[in-house]
Amino acid sequence: MKIIWHGHACFWIETNGVRLLIDPYPEVEDDGIGDVDYILITHEHTDHYGKVELLSRLRDATVIGPKTVYMMAVADGVTKVREIQAGETIELGNGVRVTAIFMEHPSSQYPLGYLIEGDKKVFHTGDTYPFPALQNLRGSVDILMVPISGRSTANEREAVQIVEDIRPKVVIPMHYGVYSSASPEKLIEELRRRRIFAFVKVLKQGEEFVV
């Protein structure tokens with residue numbers, strides 16, 4: 001599996017030959033994003049929906065998102081778009097599937113996270129605060145992408161609780177660096193203080209992580 005962080009909550013993932021892009025925010029450098037088969041949008045806010053219309057057209061990619069995202073994409077002229085609901089699983093081919101999971105993000109109508117299952121299991125939370133149902137994923141996630149900004153989503157301390165609830169093998173902090181000065185180092189310090197053992201991979205924008 002290959003993972004590239006493009007800043008904020010935007011990731012490009014390739015697993016079993018299927019190429020996914022998640023949450024392309026408005027300022028993302030779209031020229032640096034490779035081929036894409038599917039664009040997953042966690043919720044309708046601009047810092048996650050951002051460049052959907054442009055990138056779906058340039059990459060001829062299918063957009064997948066909750067009801068509000070579906071309606072926005074159709075209104076923007078996107079023709080390859082599919083709605084997904086919390087609890088629903090979509091098969092993407094080559095043994096890759098994505099399951100939508102409800103997240104705790106009160107300012108959104110239909111906030112989702114995505115569990116992507118291919119050669120590894122990756123969970124992109126979108127925007128969320130800690131909440132008890134996340135413990136249902138405990139032990140089933142290889143790589144967790146967790147927000148740390150504290151701007152309508154978890155801060156570094158709250159992100160530690162999410163890590164504790166899910167207990168992934170690898171943690172990738174996100175939702176910082178573009179609109180927030182949150183600190184991955186503070187996340188790591190808090191994990192150590194609470195004696196929660198997880199490998200934290202802090203990515204630079206555009207850096208490729210192979211796992």
Find out whether [X] and [Y] are in side-chain contact, i.e. whether some heavy atom of one side chain is under 4.5 Å from a heavy atom of the other.
X	Y	result
Met72	Ile41	no
Gln205	His6	no
Thr42	Pro111	no
Tyr110	Lys67	yes
Asn155	Ser149	no
Tyr179	Asp47	yes
Tyr38	Leu21	no
Ile172	Phe209	yes

How long is the span from the [atom1] atom in [X] to the [atom2] atom in [Y], to the nearest 0.5 Å?
X	Y	atom1	atom2	result
Lys169	Ile143	NZ	CD1	9.5 Å
Ile196	Ile188	CD1	CD1	13.5 Å
Leu137	Leu144	CG	CG	9.0 Å
Cys10	Met145	SG	CE	10.0 Å
Leu40	Ile64	CG	CD1	5.5 Å
Leu92	Leu20	CG	CG	6.0 Å

Considering non-hydrogen atoms only, spot the tightest contact between [X] and [Y] and give its length.
X	Y	value
Val171	Pro168	CG2-CG, 3.7 Å
Pro173	Val202	CG-CG2, 4.2 Å
Val98	Ile84	O-CD1, 4.3 Å
Phe131	Tyr129	CD2-O, 3.3 Å
Ala154	Pro130	CB-CD, 4.5 Å
Val146	Thr125	CA-OG1, 4.1 Å

Check: Trp5 ring centroid to Tyr176 ring centroid under 6.0 Å: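 Centroid separation for Trp5 and Tyr176: below 6.0 Å.
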field: His45 and Asp127: side chain donor to acceptor below 3.5 Å
entry: no
message: Quiz question: by atom type and distance under 3.5 Å, do the side chains of Glu44 and Ser108 form a donor-acceptor pair?
response: yes
Is [X] reaching over with its side chain to a backbone N or O of [Y], donor-acceptor style, under 3.5 angstrom?
X	Y	result
Thr128	Glu104	yes
Thr153	Gly150	no
Arg57	Val78	no
Lys80	Asp60	yes
Asn16	Asn94	yes
Lys51	Val28	yes
Asp165	Leu134	no
Thr15	Asp119	yes
Ser180	Arg151	no

field: Audit row: Leu191, Val163, side-chain contact (heavy atoms from CB on, under 4.5 Å) steps and yes/no
entry: CA-CA 9 Å; Leu191 285 166; Val163 174; 4.0 Å; yes
Establish whether [X] and [Y] are linked, either directly or via other cluster members, by ILVMFWY side-chain heavy-atom contacts under 4.5 Å.
X	Y	value
Leu187	Phe123	yes
Leu112	Ile90	yes
Ile4	Ile116	no
Tyr114	Val18	yes
Trp12	Met1	no

- prompt: So His124 and Phe11, would you call those rings parallel, tilted or perpendicular, with 30° and 60° as cut-offs?
  reply: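 It falls in the perpendicular class, over 60°.
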- prompt: What orientation do His105 and His43 show, parallel under 30°, tilted 30 to 60°, or perpendicular over 60°?
  reply: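 Perpendicular: the ring planes of His105 and His43 meet at over 60°.
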message: side-chain contact (heavy atoms from CB on, under 4.5 Å) for Asp30 and Leu54? Distances and angles first, verdict last.
response: CA-CA 9 Å; Asp30 47 272; Leu54 175 65; 4.1 Å; yes
Is [Y] paired with [X] through a side-chain N to carboxylate O contact shorter than 4.0 Å?
X	Y	answer
Asp142	Lys121	no
Arg195	Glu164	no
Arg19	Glu14	no
Arg59	Asp35	no

query: Does the pair Glu190 and Arg193 meet the rule for a salt bridge (Lys or Arg N to Asp or Glu O under 4.0 Å), with working shown?
result: CA-CA 5 Å; Glu190 186 68 13; Arg193 187 186 70 81; 2.6 Å; yes
Please say whether more than 12 non-hydrogen atoms of neighbouring residues, nucleotides or ligands are located less than 6.0 Å from [atom1] in [X].
X	atom1	result
Arg194	CZ	yes
Glu29	CD	no
Arg192	CZ	no
Gln85	CD	no

field: Evaluation steps, salt bridge (Lys or Arg N to Asp or Glu O under 4.0 Å), between Arg157 and Glu189
entry: CA-CA 10 Å; Arg157 178 180 53 80; Glu189 290 174 4; over 6 Å; no
